[in-house]
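If you're wondering where the values come from, they're calculated on a predicted model, not measured in any experiment. Counting from 1, the numbers follow the sequence of the chain as shown.
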Amino acid sequence: MTILLSALVLGLMGSFHCAGMCGPIAVALPLHGNTVSQKIFGGTLYNIGRTITYGIMGAVFGLLGQGLHLIGFQQKVSVLMGALMIISVLFPALFRNQYSLDKSWFSFVGKLKKTIGKMFAIRSFQSLFFIGMLNGLLPCGLVYMAIAGAIGTGGVAEGSLYMILFGLGTIPMLLAISLAGNIMSIAVRKRINKLIPVLVVIVGLLFILRGLSLGIPYLSPPKQKIEQKFEKSLQSEAEELHQESKGDCCKGNIE
């Protein structure tokens, strides 16, 4: 539970970073409608689109973490992901993009931006939703840290929920920016941005503690408890699949 809550806090605090990086997109959003309520609805759709993309990404990377758990690496992965978060703060130069967006696989980012630009010309609620979904795919260091957290959760549902909570945490700030423009001075944002690396380190430490299984309630549960929870999750999934296959079999007999 502590790990999942850390995703929400990371989103809330990280949204001040988003104000600088994604703020221009939020300000330029072609909010559909003439009334305030319509504009709020449009801005909310945009942010829901982003959050859905994050949730899908969380499920994919959570599946990766689950696979690593099956071969006995989950605790090591949790420690590794936590260490990666801390290293990214201490040695940011190691994580800088050294490739131009017009080279290699990074070229898709340029195409993605062009697609988003075209959708800006379409003033509708549907376009705002899809702009949000596409915007969720744009490169972002903070999102990468959240993805590391999703891998560390070790489950599809947990990874998806982790990223959804992260996305929900970013909504208040970005929605306010899209409605009111740049509502916060650069000086204030700079002060808050200085706290974000500290928060990333704290989240990283939480994942390391979780992986070490020190027996600390809520923070570092014992290894046996983690394994029991994981086995229970797998058993539940197996039972659901069995029920589905049984239902399909009965349906075939009836036909």
Peer 1: Where is the tightest heavy-atom contact between F207 and G82, given as atom of each residue plus distance?
Peer 2: CB-CA, 3.8 Å

Peer 1: Could I get the full list of side-chain contact (heavy atoms from CB on, under 4.5 Å) partners for I86, not counting sequence neighbours?
Peer 2: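 For I86 the side-chain contact (heavy atoms from CB on, under 4.5 Å) partners, ignoring immediate neighbours, are L90, V201, L205, I208.
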
Peer 1: For I202, what are the other residues in its hydrophobic cluster, where any two members join if their side-chain heavy atoms are less than 4.5 angstrom apart?
Peer 2: V198

Peer 1: Could I get the full list of ring pair (Phe, Tyr, Trp, His ring centres under 6.0 Å) partners for F61, not counting sequence neighbours?
Peer 2: none

Peer 1: Nearest 0.5 angstrom please: L84 CG to Y144 OH, how far?
Peer 2: 12.5 Å

Peer 1: Tell me whether V60 shares a hydrophobic cluster with M133, the cluster being built from Ile, Leu, Val, Met, Phe, Trp, Tyr side chains joined at under 4.5 Å.
Peer 2: no

Peer 1: Tell me the closest heavy-atom pair linking M85 and V203, and the distance in Å.
Peer 2: SD-CG1, 3.7 Å

Peer 1: Specify the closest pair of heavy atoms between M145 and S88, including all atoms of both residues, with the distance to one decimal.
Peer 2: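 Distance-wise, the nearest heavy atoms are SD-OG, 3.2 Å.
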
Peer 1: Under 3.5 Å, which donor-acceptor pairs do the side chains of residues 116-131 form with other protein atoms, sequence neighbours left out?
Peer 2:
from: R123; atom 1: NH2; to: L31; atom 2: O; distance (Å): 2.8
from: S124; atom 1: OG; to: S127; atom 2: N; distance (Å): 3.1
from: S124; atom 1: OG; to: S127; atom 2: OG; distance (Å): 3.3
from: S127; atom 1: OG; to: I122; atom 2: O; distance (Å): 2.6
from: S127; atom 1: OG; to: S124; atom 2: N; distance (Å): 3.3
from: S127; atom 1: OG; to: S124; atom 2: O; distance (Å): 2.8

Peer 1: Please give me the minimum heavy-atom distance between S178 and L29, naming the atom from each residue.
Peer 2: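 In this case the closest contact between S178 and L29 is CB-CD1, 4.1 Å.
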
Peer 1: Identify, with sequence neighbours excluded, every residue that meets side-chain contact (heavy atoms from CB on, under 4.5 Å) alongside I40.
Peer 2: V36, T44, L179

Peer 1: Report the residues that fulfil side-chain hydrogen bond (donor to acceptor under 3.5 Å, both in side chains) with Q38, sequence neighbours left out, ordered by chain and then residue number.
Peer 2: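 side-chain hydrogen bond (donor to acceptor under 3.5 Å, both in side chains) check on Q38 returns T35.
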
Peer 1: Distance check, rounded to the nearest 0.5 Å: S15 atom OG versus F166 atom CZ?
Peer 2: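 Answer rounded to 0.5 Å: 9.0 Å.
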
Peer 1: In chain order, what residues pass the side-chain contact (heavy atoms from CB on, under 4.5 Å) check against I171, with sequence neighbours excluded?
Peer 2: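 I171: side-chain contact (heavy atoms from CB on, under 4.5 Å) contacts with N47, R50, T51, L168, L175.
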
Peer 1: Taking all heavy atoms of G58 and all of M163, pick out the closest pair and write down the distance.
Peer 2: CA-CG, 3.3 Å

Peer 1: Any side-chain heavy atom of L161 within less than 4.5 Å of one from L165?
Peer 2: yes

Peer 1: Would V89 and V143 show up in the same hydrophobic cluster when neighbours are defined by side-chain heavy atoms closer than 4.5 Å?
Peer 2: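 In one cluster: yes.
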
Peer 1: Suppose the criterion is side-chain hydrogen bond (donor to acceptor under 3.5 Å, both in side chains): which pairs have a residue in residues 160-169, not counting sequence neighbours?
Peer 2: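 Not a single pair qualifies under side-chain hydrogen bond (donor to acceptor under 3.5 Å, both in side chains).
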
Peer 1: If every non-hydrogen atom of G136 is compared with every non-hydrogen atom of T53, which pair is closest and at what distance?
Peer 2: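 In terms of heavy atoms, the two residues are closest at C-CG2, 3.9 Å.
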
Peer 1: So, taking the atom named CG in L206 and the one named CG in L5, what distance separates them when rounded to the nearest 0.5 Å?
Peer 2: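 Rounded to the nearest 0.5 Å, the CG-CG separation comes out at 10.0 Å.
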
Peer 1: Report the distance from atom OH of Y54 to atom CD1 of I147, rounding to the nearest 0.5 Å.
Peer 2: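 Result: 9.0 Å between the selected atoms.
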
Peer 1: Not counting sequence neighbours, which residues clear side-chain contact (heavy atoms from CB on, under 4.5 Å) with V9? List them please.
Peer 2: M13, L199

